[in-house]
Amino acid sequence: MRILPKIVLLGAASLLSSVSAPAAEKGQSRWQIDESGAIEWNIDGSIPHYDHIEMSGEKVSAVLRYGVNPDGSFSLERSVVWPMLRTIPNNTHASLTRRFAHDFISPVMVNKLTLNNEKVESMTLDGKLTVKSRYTVGHDRAMLNKDLNLSHDVEVVRVIFPSPALPMLCEEYTITNLGRKDLDITIPAQRLVYTTPADKGTEGAYTLVASTANVDGITTVLAPGSSVTFGASVQGYKSYEKEAHPDIAAELAAREAFVDEMWNSLQFVSPDTLVNTLFSFAKTRAAESIFRTKGGLMHSPGGEAYYAAIWANDQAEYINPFFPFLGYDKGNESAENAFRHFARFMNDDYVAIPSSVIAEGDDSFGVAGDRGDCAMIGYGAARYALASGDRQVAEKLFPLIEWCLEYSRRKTTPEGVVASDSDELENRFPSGDANLCTSTLHYDALLSGAYLADELGKKELARKYRREADALRTAIENYFGANVEGFDTYRYYDGNELLRSWICMPLVTGIFDRADGTIAALLSPKLLTDDGLLSQSGSETFWDRSTLYALRGIFAAGERSKALDFLTHYSGSRLLGEHVPYPIEAWPEGNQRHLSTENALYCRIITEGLFGIRPTGLHSFDITPQLPDEWNKMSLRNVKAFGAGSFDIDVERAGKKVVVSIAKNGKTVAKHKIDNGKSVSIKEI
């Protein structure tokens with residue numbers, strides 16, 4: 001059962017505007033948060049409206065393009081992706097993908113007539129899509145029978161979700177008689193079979209089946225108030241595999257159990273319902289996009305493009321450091337597997353590790369040369385190892401961390417910063433020969449590497465890393481520190497004269513020398529829009545990832561009220577606006593795809609921005625709480641990091657100070673009264 005934190009509703013619909021782009025109705029929230037923590041859209045006439053959402057299981061992902069048509073009927077097109085059905089050429093995008101528009105309700109007969117005049121009443125999102133509609137029975141299109149009963153007496157509830165472990169998208173349909181008379185119901189067996197060309201698949205032809213599930217045909221009488229349920233699925237399999245005959249009810253229970261696990265792990269509790277709820281949704285999307293490949297569990301971004309593969313930014317840098325806090329076993333396994341794959345490419349000549357390992361681990365790819373990938377991997381692997389709280393994991397990952405730190409050291413320029421061919425935006429915008437993002441990531445990686453070296457008894461190496469970090473911090477100020485468009489902040493690269501959203505990176509890594517000017521620049525009209533931060537001033541492009549990093553950094557720098565206003569506005573847009581319910585990739589590129597790892601970056605606003613958790617050892621961390629002035633308390637429940645099992649963190653206002661309490665098994669194990677925004681070291685839990 002899903003356990004929800006106590007929340008206080010804030011009337012978000014009146015406070016927030018929609019910031020998805022393009023947005024149909026700025027200034028309104030289409031969706032509302034219900035008592036269970038789900039979001040619900042009660043169809044109120046603001047139609048037509050269409051949206052898309054991605055959901056994933058271990059062997060399938062699906063983008064549902066859904067909506068309500070002008071006449072009130074439901075619209076659905078399923079884009080189903082099978083990451084392990086590889087196509088030719090077997091490259092980054094070679095996951096078999098097909099679209100299905102079949103309507104499993106249309107062939108149903110009621111009193112020997114078809115269902116008509118559908119009116120969608122509501123939709124609900126909570127890790128699955130639930131659609132409630134009403135239909136009439138029959139029609140009088142010729143206007144010949146004036147007495148024909150066309151009342152909406154038949155309710156149909158659709159529930160659509162991915163199987164957690166099977167290669168299929170599942171659907172459950174419940175038909176209810178809302179009228180006063182018995183209804184004769186006939187539900188036929190339905191089966192559509194598609195076979196892909198044998199010369200287009202790495203393992204020959206694949207079979208795709210859209211069918212009702214274990215339904216040979218149902219004929220029954222529905223008394224008033226009674227219901228009948230049937231299931232359906234869209235599945236794909238290889239020639240030597242057998243077609244599955246799923247128990248849809250069991251698949252639904254398994255999906256709901258996964259969602260409940262995500263919502264109950266690492267709970268964030270605050271007075272802001274929007275942020276609490278989006279945090280729960282984001283955990284689900286962050287953790288579900290893990291695929292069981294022949295190369296082991298691989299977390300992948302998704303978006304109908306990126307599956308059965310890993311990236312130095314998305315996986316190593318963005319999400320892997322988050323998994324120990326969530327305590328999701330498959331997430332941790334996928335993280336360690338990702339680092340294992342990257343470690344395959346270490347070499348004595350210090351040639352860069354590729355940006356991505358693709359095709360279930362069979363190949364690698366880099367579209368823009370060295371993007372600073374070793375800084376990304378070193379940063380993520382060191383933070384993951386520390387937060388894991390597991391010495392064996394740390395010892396296993398340390399050779400990769402040490403190699404990445406040495407690689408970046410060898411890329412140090414005469415000015416003391418780290419050179420790279422591009423950055424994570426892969427030449428969409430210029431980044432020069434050395435960019436701010438790569439150098440700041442390497443700086444943080446050196447600090448984490450020093451903490452880890454201390455834990456492993458490598459004291460001299462730890463001292464070396466700290467000396468290099470100190471020198472790099474000075475070089476970052478000297479090389480990147482600049483006045484850009486009137487703000488005392490950072491140039492992103494040598495010759496950069498326009499503000500860039502990635503100037504937030506020093507704040508994220510604890511460098512606050514130019515915090516005031518940088519925050520002013522980030523929140524100025526040159527970068528900040530209703531849609532988030534522009535990648536570059538004067539452009540129209542925004543990527544949520546830099547917006548999410550900036551939010552984390554602004555909180556970390558202590559600008560709590562400005563950050564909270566920004567966070568609440570952003571959360572209302574993404575959760576309740578025109579395109580819901582997750583953080584997105586970008587616009588106009590990618591049509592605002594629900595890539596998985598942006599959701600981990602949202603969660604890290606809370607863990608590392610608001611709570612300021614910074615691993616300092618396998619069982620120790622610093623916490624720098626930034627309790628907003630508008631709140632009196634905030635909590636993290638069921639934190640799983642640092643090998644501590646599960647513990648809770650409470651930050652509560654006490655006059656002009658705050659009290660930080662840490663409890664385990666219901667017992668307080670640490671309690672500190674400090675100034676808000678100051679750090680306290682937790683040595684052992």
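Of all the heavy atoms in Glu468 and Leu446, the pair that sits closest is OE1-CD2, 3.5 Å. Between Leu326 and Lys640, the shortest heavy-atom contact is O-CG, 3.7 Å. The minimum heavy-atom distance between Gly361 and Arg344, with the atom names listed, is O-NH1, 3.1 Å.
Here Lys128 does not pair with Glu251 in a salt bridge; the nearest charged N to carboxylate O distance is not below 4.0 Å. A salt bridge does not link Glu477 with Arg473: every distance from a Lys NZ or Arg NE/NH1/NH2 to an Asp or Glu carboxylate oxygen is 4.0 Å or more. A salt bridge is defined here as a Lys NZ or Arg NE, NH1 or NH2 lying under 4.0 Å from an Asp or Glu carboxylate O, and Arg409 with Glu406 meets this definition. Using a 4.0 Å cut-off between charged side-chain N and carboxylate O, Asp390 and Lys396 make no salt bridge. Between Lys656 and Asp675, none of the side-chain N atoms (NZ, or NE/NH1/NH2) sits under 4.0 Å from a carboxylate O, so this pair counts as no salt bridge. A salt bridge does not link Glu424 with Arg371: none of the charged nitrogens is closer than 4.0 Å to a carboxylate oxygen. A salt bridge is defined here as a Lys NZ or Arg NE, NH1 or NH2 lying under 4.0 Å from an Asp or Glu carboxylate O, and Arg463 with Asp454 fails to meet this definition.
Thr284 contributes a side-chain N or O that, together with a main-chain N or O of Ser280, makes up a donor-acceptor pair within less than 3.5 Å. A side-chain donor-acceptor contact under 3.5 Å links Thr440 to the backbone of Cys437. Judged by distance alone, the side chain of Arg285 and the main-chain N or O of His594 form a donor-acceptor pair under 3.5 Å. Using modelled atom types, one side-chain atom of Ser36 and one backbone atom of Ala38 make a donor-acceptor pair closer than 3.5 Å. Judged by distance alone, with hydrogens and angles left aside, the side-chain atoms of Glu598 form no donor-acceptor pair with the main-chain N or O of Pro583 at under 3.5 Å. Between the side chain of Asn337 and the main chain of Met298, no donor-acceptor pair closer than 3.5 Å is present.
Taking a 6.0 Å sphere around NZ of Lys562, one finds it holds 12 or fewer heavy atoms contributed by other residues, nucleotides or ligands.
In terms of the side chain to side chain donor-acceptor pair (under 3.5 Å) criterion, Ser388 has no residue partners (sequence neighbours excluded). Residues passing the side chain to side chain contact (heavy atoms under 4.5 Å, CB included) test with Arg560, sequence neighbours excluded: Gln626, Asp629, Asn676.
Side-chain atoms of Ser61 and Glu54 include a donor-acceptor pair closer than 3.5 Å. Side-chain contact, Ser448 with Arg614: a donor N or O sits under 3.5 Å from an acceptor N or O.
Ring pair Trp403/Tyr350: centre-to-centre distance below 6.0 Å. Ring-centre distance between Phe642 and Phe325: below the 6.0 Å cut-off.
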**Report entry** Derivation and outcome, side-chain contact (heavy atoms from CB on, under 4.5 Å), residues Asn332 and Tyr384
**Finding:** CA-CA 9 Å; Asn332 287 327; Tyr384 175 85; 3.4 Å; yes
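For the pair Arg604 and Tyr318, the cation does not sit on the ring face, since its NZ or CZ is not both under 6.0 Å from the ring centre and inside 45° of the axis.
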